[in-house]
Amino acid sequence: GTRMRGTLRFKYSDKRNSTELGGEEAAIRDLGAEFRFTAVDKGAVQVNANLVDIGFDGAVDSPLGTEMLNGLKPGTNVTWSLTVQRKLSSHLQVDLTYNGRRSEGVPMVHVGGAQVRAFF
C-alpha cells in the first residue's frame, strides 16, 4: 500500500554569544512543512519547505555568524528539499537528494546528491 504523512511545525531560537566574546544575538523564527509519501516495498518521497525569518546584530560572514545563522542570512530565507528513496532489490537502495535555499540579497543555491546503499 501507499501511505502519506504531513507535518507542520514552528520553531523559535534565540542564540546569544557571551558579552565578553562579542555579545552577538540571533532571533530565528522557522515555519516548516514536511510531506512524506511511502510505497511499501518500493521506496519513499519526502518534501520539506521552510520559511525562516532571522534577526541578527553581528558580522554575518564571520565563522560565528555562519554558525549562529545555520548558513542563512538575516531577513527572510526560504529553504526546500526533495529526497527520493528507491528500493532496487532486497539488498540495494538508491537515494537521490535535492536541496535549495534563497536568502535576501544572495543568489539562489541548489545542491543535489545521490547515494547507493547495499545491505548485507
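Residue numbers run from 1 in the order of the sequence given.
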(Q) Heavy-atom count check: over 12 atoms from other residues, nucleotides or ligands less than 6.0 Å from Arg3 CZ? (A) no
I'd like to know if [Y] and [X] are part of one continuous hydrophobic network [Ile/Leu/Val/Met/Phe/Trp/Tyr, side-chain heavy atoms within less than 4.5 Å].
{"X": "Ile28", "Y": "Phe10", "answer": "no"}
{"X": "Leu72", "Y": "Val111", "answer": "no"}
{"X": "Leu64", "Y": "Val60", "answer": "yes"}

If every non-hydrogen atom of [X] is compared with every non-hydrogen atom of [Y], which pair is closest and at what distance?
{"X": "Phe35", "Y": "Gly6", "value": "CD2-CA, 3.9 Å"}
{"X": "Asn50", "Y": "Gly32", "value": "ND2-CA, 3.5 Å"}
{"X": "Ser81", "Y": "Asn99", "value": "CB-OD1, 3.1 Å"}
{"X": "Phe56", "Y": "Gly65", "value": "CZ-CA, 3.9 Å"}
{"X": "Met68", "Y": "Asn17", "value": "CE-N, 4.2 Å"}
{"X": "Glu25", "Y": "Asp57", "value": "N-OD1, 2.7 Å"}

Min side-chain heavy-atom separation [X]-[Y] under 4.5 Å:
{"X": "Lys87", "Y": "Asp41", "answer": "yes"}
{"X": "Phe37", "Y": "Arg5", "answer": "no"}
{"X": "Leu31", "Y": "Leu8", "answer": "yes"}
{"X": "Thr76", "Y": "Leu51", "answer": "yes"}
{"X": "Thr97", "Y": "Leu82", "answer": "no"}

**Q.** Donor-acceptor under 3.5 Å (Ser103 side chain, Val106 main chain)
**A.** no
Q: For the pair Asn70 (side chain) and Thr66 (backbone), establish whether a donor and an acceptor sit closer than 3.5 Å, ignoring hydrogens and angles.
A: no
**Q.** Non-neighbouring partners of Arg117 that pass side chain to side chain contact (heavy atoms under 4.5 Å, CB included), sequence neighbours left out
**A.** Gln85, Gln93, Asp95, Gln115, Phe119
Q.
Tell me every residue that passes side chain to side chain contact (heavy atoms under 4.5 Å, CB included) with Ser89, counting only those two or more places apart in sequence or in another chain.
A. His91, Leu92
Q: Report the relative orientation of the aromatic rings in His110 and Tyr98; use parallel for angles under 30°, tilted for 30 to 60°, perpendicular for over 60°.
A: parallel
Q: Determine, for Glu24 against Lys15, whether the closest basic-nitrogen to carboxylate-oxygen distance falls under 4.0 angstrom.
A: no
Q. Of all residues at least two apart in sequence or in a different chain, which pass the salt bridge (Lys or Arg N to Asp or Glu O under 4.0 Å) check with Asp53?
A. Arg29
Q: Evaluate the criterion side chain to side chain contact (heavy atoms under 4.5 Å, CB included) for residue pair Gln46 and Glu34; output intermediate values, then yes/no.
A: CA-CA 7 Å; Gln46 183 170 314; Glu34 174 182 299; 3.5 Å; yes
